[in-house]
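In this text the structure is predicted, and so the values were computed from the model without any measurement. Chain naming here is simple, since letters A, B, ... match the order of the sequence lines and numbering starts at 1 in each.
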Amino acid sequence: EPEVTQTPSHQVTQMGQEVILRCVPISNHLYFYWYRQILGQKVEFLVSFYNNEISEKSEIFDDQFSVERPDGSNFTLKIRSTKLEDSAMYFCASSEGFSGGWEQYFGPGTRLTVT
Amino acid sequence: AQSVAQPEDQVNVAEGNPLTVKCTYSVSGNPYLFWYVQYPNRGLQFLLKYITGDNLVKGSYGFEAEFNKSQTSFHLKKPSALVSDSALYFCAVRDGAGGSYIPTFGRGTSLIVHP
């Protein structure tokens, strides 16, 4: 069964540093997402991406965040200057469609630790 | 606005017994409802969804969920629990009347099935 993959599984960085989290969505999916989950809290939506542009973003997704699909397979989330409160598990997801009834397929996550 | 609540942080059940994981929601229009499961070190996996039609929805691994509009609930059920069902379960909702295609996730319920 096709899976969403994410690298790295764990990233440790110092406050103020830039990090790039990478994802390979399922190959025939057209819609891509990033979510995060701070330990013990809800899964929070960050951004959705379609046709090489952002479709929706939450208030969490401020100017320090950016997303990119640099080639036909990768989907990346960049955090320009990390803060302690960015420490969380970051999940990438993809879906075949975008209307409300389409389920999302999630990767295993990248645990980001900012020190 | 859409919201979802999972009132139990943890559910304990003995193997072979029926299990229920509760979810209630709030939307303005018709709800699109989803259940996902997360095993350790894995991403969220889609289990089942309710879009329209029969209130009882069947999904993967023998799970089912019942949509109850009057009680605004979408509880996940399984007639006979397995130890391997132990995992974190997330309910999600999307408001069919809203402008966003992004679902809101609950906080998650940890299901522990004892041998």
Side-chain angles (χ1 to χ4, degrees), chain A residues 1-10 21 23-26 29-50 54-61 75 88-111, chain B residues 1-7 9-10 23 25 27-53 57 59-61 63 65 67 74 87-110:
Chain A
E1 184 177 335
E3 289 185 331
V4 176
T5 60
Q6 289 184 245
T7 55
S9 57
H10 191 192
L21 310 183
C23 167
V24 178
I26 294 173
H29 286 185
L30 300 176
Y31 303 89
F32 315 118
Y33 314 82
W34 283 101
Y35 289 83
R36 79 174 186 190
Q37 185 179 31
I38 295 171
L39 187 62
Q41 298 188 24
K42 291 185 178 183
V43 175
E44 300 174 296
F45 168 71
L46 293 178
V47 65
S48 62
F49 191 85
Y50 168 70
I54 291 173
S55 303
E56 293 186 55
K57 61 181 181 179
S58 71
E59 57 190 21
I60 302 170
F61 193 86
F75 179 50
M89 182 72 88
Y90 288 80
F91 293 105
C92 173
S94 67
S95 65
E96 196 172 346
F98 195 53
S99 61
W102 287 97
E103 62 271 21
Q104 295 165 317
Y105 291 81
F106 286 77
T110 292
R111 181 170 298 283
Chain B
Q2 60 194 34
S3 66
V4 63
Q6 294 182 243
D9 290 335
Q10 185 171 301
C23 172
Y25 66 89
V27 295
S28 301
N30 292 321
Y32 297 151
L33 293 154
F34 306 83
W35 275 103
Y36 290 82
V37 60
Q38 184 181 30
Y39 297 102
N41 301 315
R42 301 288 299 275
L44 281 70
Q45 294 178 39
F46 170 74
L47 272 181
L48 51 80
K49 65 183 178 183
Y50 172 82
I51 304 301
T52 186
V57 179
S60 306
Y61 311 121
F63 284 94
F67 170 63
F74 189 58
L88 193 56
Y89 290 81
F90 292 92
C91 183
V93 67
R94 192 223 146 205
D95 191 340
S100 171
Y101 290 114
I102 305 302
T104 297
F105 284 83
R107 187 181 295 272
T109 298
S110 178

Quiz item: Are Phe106(A) and Phe105(B) near enough that their ring centres are under 6.0 Å apart?
Solution: yes

Quiz item: Where do Pro103(B) and Gln104(A) come nearest, in terms of heavy atoms and distance?
Solution: CG-OE1, 3.7 Å

Quiz item: Side chain, backbone, both or neither: which part of Glu3(A) has a heavy atom under 4.5 Å from chain B?
Solution: side chain

Self-check item: Under 4.5 Å from any heavy atom of chain B - which part of Glu44(A)
Solution: neither

Self-check item: Nearest heavy atoms of Lys49(B) and Glu103(A), plus distance in Å
Solution: NZ-OE1, 2.8 Å

Quiz item: Checking Tyr36(B) against chain A: side chain, backbone, both or neither under 4.5 Å from a heavy atom?
Solution: side chain

Quiz item: Is the number of heavy atoms from other residues, nucleotides or ligands within 6.0 Å of CD (Glu59(A)) greater than 12?
Solution: no

Quiz item: Roughly how far, to the nearest 0.5 Å, is the OG atom of Ser55(A) from the CD1 atom of Ile102(B)?
Solution: 7.5 Å

Quiz prompt | Least distance between heavy atoms, Lys42(A) atom then Val4(B) atom | solution = NZ-O, 4.1 Å

Quiz item: Can you name the residues that form a side-chain hydrogen bond (donor to acceptor under 3.5 Å, both in side chains) with Ser95(A), not counting sequence neighbours?
Solution: Tyr33(A)

Quiz item: Would Trp102(A) and Ile51(B) count as a side-chain contact (heavy atoms from CB on, under 4.5 Å) if you check the C-alpha gap in whole Å, the side-chain angles of each, and the deciding distance to 0.1 Å?
Solution: CA-CA 9 Å; Trp102(A) 287 97; Ile51(B) 304 301; over 6 Å; no

Self-check item: Per-residue contact mode, Val93(B) against chain A (heavy atom under 4.5 angstrom)
Solution: neither

Quiz item: Measuring heavy-atom distances to chain A, does Gln45(B) have an atom under 4.5 Å in its side chain, in its backbone, in both, or in neither?
Solution: neither

Self-check item: chain A contact via Phe90(B) - side chain, backbone, both or neither, heavy atoms under 4.5 Å
Solution: side chain

